[in-house]
Every structure is written in structure tokens, then in C-alpha cells.
Amino acid sequence: MEKVLKNCTVIDTENKRYLTRDIYIDALSVISKISAPETINHQNYEIIDCEGSYVLPGLINAHSHLFSSGKPMSASFGEGTINFGYRLLKTTIGQSILRKIMDKHAQIQLQSGTTTIRSVGEFFYQDVKLREIYAKDEKIGPSLLVSGFFLSITGGHGAPYLALESDSPWEGRKNVRKSIKQGVDWIKICATGGVTDARRIGEAGALQFTEEEITAICEEAHKVGVKVAAHVESTEGVRISLRGGVDTIEHGAPMDEEIIQLYNHNPKSLRGYTSLIPTFQAGAPFAFLAKEESGLNEIAYQNGKMVYEHSIESARQAIENDIAIGMGNDASMKFVTHYDFWRELAHFVDHANLSTWHALDIATRQNAKIIGVDHVVGSIEVGKKADIIVLSENPVEDIKALTKISKVFKNGKLVQRKKVRKYPELDQLLDKILK
Ligand SMILES: [Zn+2]
């Protein structure tokens with residue numbers, strides 16, 4: 001049956017205004033009409049009275065993973081245990097357990113208002129499987145755009161467990177073909193080292209792929225219309241990734257003139273420009289918390305701090321230079337749970353000096369454009385899918401109102417509310433980072 005959400009205070013982030021509207025959703029879950037409140041024939045519609053509550057398009061998390069809860073673990077595991085765990089995951093039973101875990105995390109994000117997730121790095125293409133389960137309506141879930149395994153160099157970031165390894169342009173092309181055959185939407189490469197598996201200070205931004213290899217990977221992916229996301233944590237890494245033609249830079253690093261130009265006009269990228277997606281939530285705990293609080297070792301602490309400083313600097317430069325900027329929180333990484341994407345917006349407001357209007361616009365409309373789904377979601381407009389969240393308080397006044405979501409509609413369907421298990425100790429620690 002068709003639905004109407006009556007008396008909504010729609011937050012129009014593009015034009016920075018509030019609109020009192022009724023939103024009509026047709027039987028195909030598409031927004032069919034938006035009007036000023038009017039008397040309607042009740043028999044033809046299921047009426048949901050929002051009583052003036054604030055309404056936004058569903059949030060989009062443009063950089064996430066689903067394989068882990070994000071809760072820091074007190075124990076660290078040796079090589080042998082990790083190897084054993086990996087072999088277990090590889091089995092059919094292991095993969096179905098993994099899919100259940102990923103589903104649980106995706107559901108938490110949905111409960112928290114995220115209706116679309118771009119997942120950039122998972123094991124065994126279980127992200128492709130999960131995307132299909134949700135897409136076929138076998139189960140309600142967020143829309144997923146997925147990349148499967150990372151593409152990395154031998155021994156590079158995420159390798160060997162989370163990455164397909166390659167050491168030449170042609171091997172890189174082959175791994176692109178492998179992932180595309182599995183049905184990915186994006187290719188994720190690791191152009192530099194990362195924090196999670198760094199063995200020395202400075203490894204996080206150290207170059208791994210060469211420009212030649214990145215160029216080959218991008219060409220191969222672009223040939224079939226697939227875009228490339230690059231994990232990059234140093235200026236030189238950003239430079240060769242942009243020159244190679246990647247479509248999004250994840251995390252980011254300080255820019256010089258050449259880099260600014262290449263972001264805004266990148267002839268080798270699929271759309272002619274490249275976007276930046278900083279992930280503050282993943283880096284900030286390293287930079288702001290004392291080692292005793294975060295429990296990090298010196299290598300992780302130093303690398304994480306550097307990555308955070310790089311990403312905040314590059315985000316500020318992106319905003320100054322009109323570079324397309326998106327938002328993702330790197331959920332599953334240490335300290336980044338699936339229920340607190342609101343913190344990423346808060347970081348943009350508190351530390352990158354954005355207005356709440358602007359942060360909300362990035363998390364919806366601009367993210368949709370960057371990940372390539374703006375024709376279907378990202379705003380409340382006739383013809384778009386009814387991915388809608390209803391809030392009891394106004395997030396423009398306080399971004400933390402995003403934790404007070406009263407209703408989530410996914411494809412026009414009301415998502416059944418479930419209690420999300422939180423980690424109060426972690427939340428208290430993270431609260432210290434925000435103003
Ligand atoms: Zn990530």
C-alpha cells in the first residue's frame with residue numbers, strides 16, 4: 001500500500017532551510033509526491049504522522065568495513081592464532097559465520113540511521129553475498145556497495161589475509177579482473193602502508209604500489225565502469241594515486257598545488273575528478289587519547305597520530321579548494337563501532353570547522369554523488385528511493401541529535417526497532433575527543 005509521512009519538518013541541507021511537508025511513498029518504495037500538508041483521502045494510504053519531527057534522507061557511510069565490531073580487544077593475537085582463524089573463516093561454515101557477523105554490524109548501522117554503506121575491504125567476497133541478500137529483499141538491510149578484498153603489494157597493507165597481492169601492472173590487472181568477476185562495485189587498493197599492521201613508525205604512509213601499478217589497476221577497473229578507492233596516508237602516496245587515476249582518496253594527506261589541481265581535474269579518473277574521504281573516527285583516538293587510555297603501543301600511537309594529523313590537514317585544504325569531500329568512519333577499525341557514525345559528523349564540525357548544515361549535507365547528498373548513487377538516494381526528492389530517517393530533536397542545532405532517531409525507513413519500509421548493544425566505557429573515552 002502507498003504511504004504518506006505527514007507533518008514532517010524536512011531538513012533541506014542543500015538550501016539550508018526547513019520545510020513542512022507530507023511525503024508520499026508509492027508501492028515501489030519511491031517518493032512519488034512531496035507537498036505542503038493537506039487533507040488526504042485516508043483510505044488509499046497508510047498514514048504515518050511525524051508530528052513535526054525532523055526528517056532527513058538516510059545517512060550514507062562512504063567508508064566502512066563490516067567484519068569487526070570496532071570494540072578494542074584487550075588481548076592481541078599471535079601469528080599462529082591469526083593463521084588458524086583465517087583458515088577457519090575460509091571454510092563454508094566459517095564464511096556463513098562471517099556473513100552473520102557482517103549482517104549484525106550492517107543492521108546496527110541501519111538502526112543508527114545509515115541506509116547506504118560503501119564497504120571498502122572484506123574477506124572472501126561475503127560483502128557481495130550480503131549485498132545480494134539485501135537487494136533481493138530476502139532480508140531488510142542497508143544498500144551496500146562493496147569492494148571485496150583489498151588489492152595490495154606482497155606483504156603490503158592488509159596482506160596476506162585481507163588482500164589480493166600483486167607486484168606488477170599485469171598482476172594488478174589480473175586481481176582487478178578477479179574481483180570484478182566476483183561482482184564488486186568498487187576496487188579498493190592500498191597505495192601506502194596503514195596503521196593497523198605497521199611494524200615501524202612511518203610505515204603507515206610509506207609508498208607500496210608504484211604509479212605504474214596504480215595506473216594499470218585504474219585502467220582495468222575503469223574499462224568496465226568500476227571506480228577505484230585508494231587507501232593513502234602520505235602526500236607522495238596521494239600524488240601517485242591521483243596521477244594513476246583513482247576516483248577516491250581514503251584518509252588523505254597534506255596537499256601541494258599539483259595535488260589540488262589533480263583532485264579537481266583528474267583526466268585519468270572515471271569522472272574527471274577525485275574525491276577525498278577522510279576517516280576521522282579511526283584516527284582521532286590515536287591523536288587525542290593518552291597511550292594509557294587507548295592501550296596502544298608506541299608504533300600504533302605514532303603512526304595513528306600522524307595519519308590523523310594528515311587527514312585533518314587535507315580535509316581543511318579540500319574544503320578551502322572546493323575539492324569534493326565525502327564522509328566515512330572506517331567502522332570495524334579499533335574504536336569505531338557501528339552505532340556511532342554521528343561522531344564522524346561531529347569531528348567535521350568540531351575539528352574541521354564545518355557548520356552542522358554542511359556536515360549533514362556531506363553525509364547524505366554529497367556522499368551519494370561521490371559513491372555514485374545520487375540518482376537513487378541522498379536527498380528527499382520525487383523519484384528517489386524512500387530512505388528516510390525521522391528524528392525527535394534537531395541535528396542542525398546539535399549534531400548529537402543523530403543519536404535520537406525515532407524511525408528509519410529503508411526503501412519505504414519502516415525498519416523494526418531493535419535495541420543496539422553499546423560499549424559505555426568506549427563511548428566515555430571517545431566523548432573526551434569531541435568538544
Ligand atoms: Zn578502511
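In each ligand, atom 1 is the first atom listed, and ligand 1 is the first ligand listed. Note that these values count all heavy atoms, side chains included, but never hydrogens, waters or copies made by symmetry.
The ring-ring contact (aromatic ring centres under 6.0 Å, His included) test with Phe280 singles out one residue from Phe348, Phe335, Phe341, and that residue is Phe348. Asn61 pairs in a side-chain hydrogen bond (donor to acceptor under 3.5 Å, both in side chains) with only one of the listed residues (Thr115, Asn329, Thr116, Thr114), which is Asn329.
Contacts of Phe149 classified as ring-ring contact (aromatic ring centres under 6.0 Å, His included), with partners at least two apart in sequence or in another chain: Phe124, Tyr125.
Using modelled atom types and a 3.5 Å distance limit, the side chains of Gln281 and Asp340 yield a donor-acceptor pair.
The number of protein N/O/S atoms found under 2.8 Å from the Zn ion (ligand 1) is 3.
Taking the ring centroids of His63 and His251, they lie under the 6.0 Å cut-off.
At least one test fails for Lys305 against the ring of Phe286: distance under 6.0 Å to the centre or angle within 45° of the axis.
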